[in-house]
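Read through the structure below, which is laid out as structure tokens, and then see the notes.
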There are 2 protein chains.
Amino acid sequence: MPAQVPIPGQPVRGSRSGKPIMALFDLLGRSWTLGVLWQLSEGGLTFRALQDRCEKVSPTVLNRRLKELSASGLVCRGEEGYALTEAGQELFALLRPFGPWAQSWAVMLEDMDSD
Amino acid sequence: MPAQVPIPGQPVRGSRSGKPIMALFDLLGRSWTLGVLWQLSEGGLTFRALQDRCEKVSPTVLNRRLKELSASGLVCRGEEGYALTEAGQELFALLRPFGPWAQSWAVMLEDMDSD
DNA sequence: ATACATCGCTATCAAAAATGTAGCAAGGGG
DNA sequence: CCCCTTGCTACATTTTTGATAGCGATGTAT
């Protein structure tokens, strides 16, 4: 039985209430979801191109994530393969600052470990 | 063998390169990580309080997530139980806009389904 | 001191999800 | 027809998550 797509308003993995933020976290908290959104941000990619970008993702999981993201209106099929929808781009806009933040986080962790 | 904590600079689940953003996505892409950060944003919580807030999390997983988040410098133990570190608060600041966005996403999904 | 409650977990086992690899059906080019 | 790429599906294995019970430590009231 394949996993269900988290839908705001309905109980999801981890929340009886189905609060939108919890549904979103359920979706984003699955392996590769964040990575796929990140990779698609620069333009449409074919299934295999996406697979290559995400070095270690199995086709099984990639396909499942793409279906979930499509059902959630974040991804759709464009001329060049899979692409972010408008909503997907909005979400990515929120995600973008994570890039630079992760950099400084990495530096902080190094300092933390060397002490 | 328990799961390892994703560390920037080292290969992680899903990335040979170990780019910080990929390490971060690996961490955030585990079940309950996002939810825990969210719940801790309003102040320190004890283990059991956290368990109650996250309705369905098992102690096994909660404990594992807390260890990972501690090792990653995002969470530490304060006077009132577990709390966000400074870095954790920075990350939450990036996460906060997801709340309102999730609301409008929920509305969009309803419209999408009713058409 | 004893009884009881609460807290932060750990142990154990079952279920679900992810991984790795192989390969198929469809479409295009030569 | 032959060969190549694309978008997957099948299947077996490993990893992760989930559910439940309960232990040892600490505090508090009796």
Side-chain angles (χ1 to χ4, degrees), chain A residues 1-6 11-16 22-23 25-37 39-40 43-72 75-83, chain B residues 1-7 10-18 22-23 25-37 39-40 43-72 75-83:
Chain A
M1 191 171 52
Q4 60 158 12
V5 179
V12 288
R13 191 178 66 165
S15 173
R16 246 176 281 273
M22 289 304 158
F25 282 173
D26 182 4
L27 187 64
L28 299 182
R30 297 176 180 189
S31 75
W32 282 109
T33 305
L34 288 164
V36 166
L37 291 173
Q39 296 297 346
L40 286 181
L45 290 174
T46 65
F47 188 94
R48 297 236 174 179
L50 204 45
Q51 219 180 335
D52 289 345
R53 297 283 198 103
C54 305
E55 308 170 48
K56 291 182 179 175
V57 72
S58 69
T60 318
V61 171
L62 180 55
N63 186 39
R64 194 172 302 162
R65 286 300 95 86
L66 286 170
K67 278 179 184 163
E68 291 164 2
L69 287 168
S70 299
S72 306
V75 159
C76 62
R77 310 196 64 156
E79 301 166 7
E80 305 176 18
Y82 291 95
Chain B
M1 191 171 53
Q4 61 159 8
V5 179
I7 297 178
Q10 291 185 13
V12 288
R13 190 178 65 165
S15 173
R16 244 175 283 273
S17 64
M22 288 304 157
F25 283 172
D26 183 5
L27 188 63
L28 299 183
R30 297 176 179 189
S31 76
W32 283 108
T33 305
L34 289 165
V36 167
L37 291 173
Q39 297 296 345
L40 286 180
L45 290 173
T46 67
F47 188 94
R48 298 234 175 183
L50 203 45
Q51 220 180 335
D52 289 345
R53 297 285 198 102
C54 305
E55 309 170 47
K56 291 183 178 173
V57 73
S58 70
T60 319
V61 171
L62 180 55
N63 187 39
R64 194 172 302 163
R65 286 300 96 87
L66 286 169
K67 278 179 184 164
E68 291 165 1
L69 287 168
S70 300
S72 306
V75 159
C76 63
R77 310 196 64 155
E79 302 167 7
E80 306 176 18
Y82 290 96

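Convention: sequence-line order gives letters A, B, ...; per-chain numbering from 1.
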Review point. Looking only at heavy atoms, what is the nearest atom pair of A:Gln39 and A:Arg53, with distance?
Key: OE1-NH1, 3.2 Å

Revision key, fill the gap. Side-chain contact check for A:Val61: nearest option of C:dT19, C:dG8, D:dG18 is C:dT19

Hey, what are the protein-to-nucleotides 9-13 of chain C N/O distances that come in under 3.5 Å?
residue: C:dC9; atom: OP2; partner: B:Arg77; partner atom: NH1; Å: 3.0
residue: C:dC9; atom: OP2; partner: B:Arg77; partner atom: NH2; Å: 3.3
residue: C:dC9; atom: OP2; partner: B:Tyr82; partner atom: OH; Å: 2.1
residue: C:dT10; atom: OP2; partner: B:Asn63; partner atom: ND2; Å: 2.4
residue: C:dA11; atom: N6; partner: B:Thr60; partner atom: OG1; Å: 3.3

Review point. Is A:Arg64 near enough to C:dA17 that one of its side-chain N or O atoms lies under 4.0 angstrom from OP1 or OP2?
Key: no

Check your understanding: OP1 or OP2 of C:dT19 sitting under 4.0 Å from any side-chain N/O of A:Trp32?
Key -> yes

Review point. Can you check whether A:Ser31 has a side-chain N or O nearer than 4.0 Å to OP1 or OP2 of C:dA18?
Key: yes

Exercise for review: In whole angstrom, give the distance that lies between atom CZ of B:Arg65 and atom C1' of D:dT15.
Suggested key: 12 Å

Revision key, fill the gap. In whole angstroms, the gap separating P of D:dT17 from CZ of A:Arg30 amounts to 13 Å

Check your understanding: With sequence neighbours left out, what residues match A:Asn63 under side-chain contact (heavy atoms from CB on, under 4.5 Å)?
Key -> A:Phe47, A:Lys67

Check your understanding: Base, sugar-phosphate, or nothing for B:Ser58, non-hydrogen atoms under 4.0 angstrom?
Key -> base

Check your understanding: Rounded to the nearest Å, what distance is computed from the CD atom of residue A:Gln4 to the P atom of nucleotide D:dT17?
Key -> 17 Å

Review point. Given side chains that start at C-beta, do those of B:Leu40 and B:Leu69 come closer than 4.5 Å, heavy atoms only?
Key: no

Practice item. For A:Leu62 and C:dG20, give me the distance from atom CG to atom C1', rounded to whole Å. Key: 14 Å

Review point. How close or far is atom P of C:dT6 from atom CG of B:Leu50, stated in whole angstroms?
Key: 19 Å

Point to revise | 4.5 Å side-chain heavy-atom contact, A:Leu37 and A:Leu28 | key: yes

Review point. Rounding to a whole Å, what distance do you find between B:Glu68:CD and D:dT15:C1'?
Key: 13 Å

**Study point:** Contact summary for B:Ala83 and B:Gly44, nearest pair of heavy atoms
**Key:** CB-CA, 4.1 Å

Revision key, fill the gap. By side-chain contact (heavy atoms from CB on, under 4.5 Å), B:Ser70 pairs with (sequence neighbours left out) B:Val75

**Study point:** Partners meeting side-chain contact (heavy atoms from CB on, under 4.5 Å) with B:Arg48 (sequence neighbours left out)
**Key:** B:Thr46, B:Gln51

